[in-house]
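Remarks on the structure that follows.
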2 protein chains.
Amino acid sequence: MIDKDLSYYLKNSILVWNKLSIDEQGELVQSSALNCYQKGENLHGRESGCIGTMFVITGQLRVYILSDEGKEITLYRLYANDSCVLSASCVLANINFDVIIDAEVNSEVLMINSAVVSQVMKRNIYFECYIYKLTTERFSDVMWAMQQILFRSIDERLAACLWDASLHNADSVITVTHETLAKDIGSAREVVSRMLKYFENEGIVKLSRKGITITDKRKLRMLIK
Amino acid sequence: MIDKDLSYYLKNSILVWNKLSIDEQGELVQSSALNCYQKGENLHGRESGCIGTMFVITGQLRVYILSDEGKEITLYRLYANDSCVLSASCVLANINFDVIIDAEVNSEVLMINSAVVSQVMKRNIYFECYIYKLTTERFSDVMWAMQQILFRSIDERLAACLWDASLHNADSVITVTHETLAKDIGSAREVVSRMLKYFENEGIVKLSRKGITITDKRKLRMLIK
């Protein structure tokens, strides 16, 4: 995929590309890079500061927050064509929290340097508006995660999580670890393992070394209100 | 305060007022109203839909979410000069959750009809950008609330909550109910009452019929990391 030039990806990723001047387009191309990340690699941490605006070309990223005690809460996942503005939070007025981003599979990510994003935002109101719109998109994701964790019961959350994973998985086996599921539903690994065992006894899933196979989709769906 | 005309309030509330055409300004004035709400009154509920963009002139509003089981989680509070765009979520692409808004004291709120906000947003990019910026402001508030609830211990959250209330209260007595405190920290009323009793035994607060008096500010502050 890397044989295409950067402007090709930028044009496809930035919906207001045609509202940018030739100079502005050039600046963004100059300050972009197509980075490849390995499965499990950390793209953005609490200390990495304001690295840049990201557009996922291929792969899957997990965006989460981390407590001082090391507890992780998944906010949302990013797939191909999704954008991440929070990795460049310094370009956004009013955003004062930091997220952590890991690659969950090998991923290609288009990254635009935050200083240049910030400059173009100051000069081009369409680009500024576009970046803020992308930010509000994630606001809904975060509210959804929050409502899941605070309002839904553990079995419901886990069922919803497995259901979601099955939609993003071509295989019938979901290879996610119990640890990751726990982070996604804001619970502990032991609780997830116990609940999965219960699901298995109910004939909803089958657990194996390879992962989790959903054996009764209808029953799983019924657990989700 | 109501003797001033609406354009006075709009000019003060909308920072990009000068970027609007005379026609656009006129449309916004025409579709605005200065509403007075009594303490305890509901301004916006799950069924009220997309009523409009609000600017608080005086008073205090509480913005929260509600589960199907009736559990409330406070997202943030709005004071004089604060704006609320989520009560007009239909004008925002990508926002698909609803919040509930109550007046906690008698409040005056400038409300602009959402259909007109939407029209002006479509025509004026500066206004559109401004509305999205206001939205991201609340994104940080919600992340803060989420981190409080998911990462902090109950005593720390309650201490932070009392500390915050004391900053917004000229009186030394905080008149908030245990029920409201529970909603603010995402816990149950009984838990709050027990913890307040513990705080009283530690000499941090004094409980009375009138409310909660902070007797040792330094100790209270020390509970908050």
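All figures in this text were calculated on a predicted structure; none of them were measured in a lab. Just so we're on the same page: letters track the sequence lines, and every chain starts at 1.
For a residue to count as touching a neighbouring chain, one of its non-hydrogen atoms must lie under 4.5 Å from one of that chain's; by this rule A/Ile131 does not touch chain B. Both the backbone and the side chain of A/Ile65 come within less than 4.5 Å of a heavy atom of chain B. Heavy atoms of A/Met146 lying under 4.5 Å from chain B belong to its backbone as well as its side chain. Residue contact with chain B, scored on non-hydrogen atoms closer than 4.5 Å, involves the side chain of A/Leu75 exclusively. Interface residue B/Tyr126: backbone and side-chain heavy atoms are both found under 4.5 Å from chain A. Heavy-atom distances place both the backbone and the side chain of A/Arg138 under 4.5 Å from chain B. Proximity to chain A (any heavy atom under 4.5 Å) is shown, for B/Leu150, by both the backbone and the side chain.
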Step-by-step side-chain hydrogen bond (donor to acceptor under 3.5 Å, both in side chains) determination, A/Asp155 to A/Ser153: CA-CA 6 Å; A/Asp155 60 338; A/Ser153 60; 2.6 Å; yes
Test disulfide (SG to SG under 2.5 Å) applied to B/Cys129 and A/Cys129, step by step: CA-CA 5 Å; B/Cys129 193; A/Cys129 193; 4.6 Å; no
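With a 4.5 Å cut-off on side-chain heavy atoms, B/Val205 and B/Ile174 do not count as touching. Annotation: side chain of A/Leu158 is not in contact with side chain of A/Leu223 (no heavy-atom distance under 4.5 Å). Side chains of B/Val105 and B/Ser107 form a contact here, defined as non-hydrogen atoms less than 4.5 Å apart.
The pair B/Asp184-B/Arg77 meets the salt-bridge criterion, since a charged nitrogen lies less than 4.0 angstrom from a carboxylate oxygen.
The candidate from B/Tyr132, B/Phe139, B/Trp144 with the greatest count of non-hydrogen atom pairs under 4.5 Å with chain A is B/Phe139. Chain B forms more heavy-atom pairs under 4.5 Å with one residue of A/Leu92, A/Asp141, A/Thr135 than with any other, namely A/Thr135. Contacts with chain B were tallied for A/Gln147, A/Lys71, A/Met143; A/Met143 has the most, counting heavy-atom pairs under 4.5 Å.
Between the side chain of A/Ser13 and the backbone N or O of A/Phe55, no donor-acceptor pair lies under 3.5 Å.
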